[in-house]
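Protein chains get the first letters and strands the later ones, always in sequence-line order, with residue 1 at the start of each.
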Protein chains: 2
Amino acid sequence: MAKIKPGKNTSKKEVIIKSASVLFRTRGFSAATMRELAEAVGVEAPSLYNHIGSKSEILQAICFKVANAFNDQLAAIETQQVNTISKLEHIIRFHIQMMMNYYDEVFVANHDWKHLEEPYLSNFLMQRRNYEKRLVAIMEEGIRKKECKNLNPFVVVLTMLSAVRGLEFWQRHKKNISVKVLEDDMVNQLLKGITAK
Amino acid sequence: MAKIKPGKNTSKKEVIIKSASVLFRTRGFSAATMRELAEAVGVEAPSLYNHIGSKSEILQAICFKVANAFNDQLAAIETQQVNTISKLEHIIRFHIQMMMNYYDEVFVANHDWKHLEEPYLSNFLMQRRNYEKRLVAIMEEGIRKKECKNLNPFVVVLTMLSAVRGLEFWQRHKKNISVKVLEDDMVNQLLKGITAK
DNA sequence: AAAAAAAACTAATAAGCGTTAGTTTTGTAA
DNA sequence: TTACAAAACTAACGCTTATTAGTTTTTTTT
């Protein structure tokens, strides 16, 4: 019978969480069962509880891992001494890369955060709101310095965030379009539009 | 005891489906229970089955109502004798309006279609793919006629679709930003970009 | 090799699920 | 007012859920 095989630096808990990310993405958190997760890991369901506390705890681990990654990267970009358009470009590219490299985790964080329990739910939502506000602040600076059009900064930021989030639908076109074309064309469209001059 | 109160032209089945749209949006299809739905409608759970066949049937009704609305509108736009940018603008504005007027239904169709049962699942996905292809065809024509930049049409279309889909997050900012500003700024950004000339 | 710790197993629990059966109430038409 | 149909009710079924208890196997440490 198959055992949990942790790699060099991955604990069994991390293996379970990675499997759960894939399972939760495909089935959704509520529809996914611990028995399904156990089968994916290669173990009986009760054995999972030697490594994790509960189903909900797994969701917490996934959501906050993603949230932390985005927060850390934004903090780094905020301190950069470059113009606003460059900052926005960096952010867009980072979102795209997160989507490519941590597809399952980002998807789950985007879709199933509502199933977090308190106080994790409130904490997560607070972090999201804060993230949006920091992006809006960047955009507002760009407008002030006349680098950006005078559009509603909230609209711009959420349009950008939504657009990159839409990369969820891209996994199935992954083979047809290179990541470079994807990144460049998306940055181009969001920052400069699609209308020919 | 409260009864199901159908309006002039709304059957009790429609009342149930509308309540289910709100419930499924807030709780997610899998997490939502028939007992919760019954309470929202003001009835005991088994009474629902005098009007609907199953929980799954409700999801089907929601998803295909939304799919039909988008398909019909796109068909109308396709026959219009206007330039490509105008067509894309119409499509974006229609998506925004659908999001504003049928928020719950569109949200559920976007999030919970994966819980449709066969053959409805395959049918729904086929319609989605077809919809995307028709949008790509419009964008390709725009590139051919030099109305649009030579960007990857798939990237452009899915960026647009994703951006308008992101209006899901907008309900909470509804009071701060008028629909007109929202529509105009979003169209402006997606078609002409945010960078100042 | 023996002892201790970690992690697997089987069995079972209480709770909640969608749904059905059977009955009673309500609304409508003759 | 009586007859009929629609739609509500209560009770319950069979199934699945996450999780716990108790035991055995495997791995690690001494």
Short side-chain donor-acceptor distance under 3.5 Å, B:Asn83 and B:Ser86: yes
Closest of D:dA21, D:dA7, C:dT19 to the A:Pro46 side chain is D:dA21
Open item on the list: Over all strands shown, is A:Ala32 touching base, sugar-phosphate only, or nothing at heavy-atom distances under 4.0 angstrom?
Closed with: sugar-phosphate
Ranking C:dG18, D:dA7, C:dA7 by distance to the side chain of B:Thr33, first place goes to C:dG18
So, for A:Phe24 and A:His111, is the gap between ring centers shorter than 6.0 Å? no
Whole-Å distance, B:Leu59 CG to C:dG18 P, equals 13 Å
Is any side-chain N or O of B:His51 closer than 4.0 Å to OP1 or OP2 of D:dA8? yes
>> Tell me whether A:Arg25 is salt-bridged to A:Glu168, with the criterion being a basic N under 4.0 Å from an acidic carboxylate O.
In response: no
Winner on side-chain proximity to A:Lys55, out of D:dA18, C:dC9, D:dA8, is D:dA18
From CD of B:Glu39 across to C1' of C:dG16 the rounded distance in Å is 15 Å
Which of D:dT19, D:dA8, C:dA8 is nearest the side chain of A:Lys12? It is C:dA8
Look at the side chain of B:Arg35 and the base of C:dG18, then say whether one donor and one acceptor between them are separated by less than 3.5 Å. yes
Exercise. Quick one: the side chain of A:Asn50 and the base of C:dA8, do they pair up donor-acceptor inside 3.5 Å?
Worked result: yes
- Ring-ring centroid check B:Phe107 B:Tyr102, cutoff 6.0 Å: no
From CD of B:Glu57 across to C1' of C:dG18 the rounded distance in Å is 14 Å
*Cation-pi between B:Lys114 and B:Phe124: NZ/CZ under 6.0 Å from ring centre and within 45° of the ring axis?*
no
Rounded to whole Å, CD1 of B:Ile52 lies from C1' of D:dA7 at a distance of 14 Å
From CD1 of A:Ile16 across to C1' of C:dA8 the rounded distance in Å is 12 Å
| field | side-chain N/O A:Ser47 vs C:dC9 OP1/OP2, d < 4.0 Å | value | yes
Here the distance between atom P of D:dA18 and atom CD of A:Glu44, to the nearest Å, is 14 Å
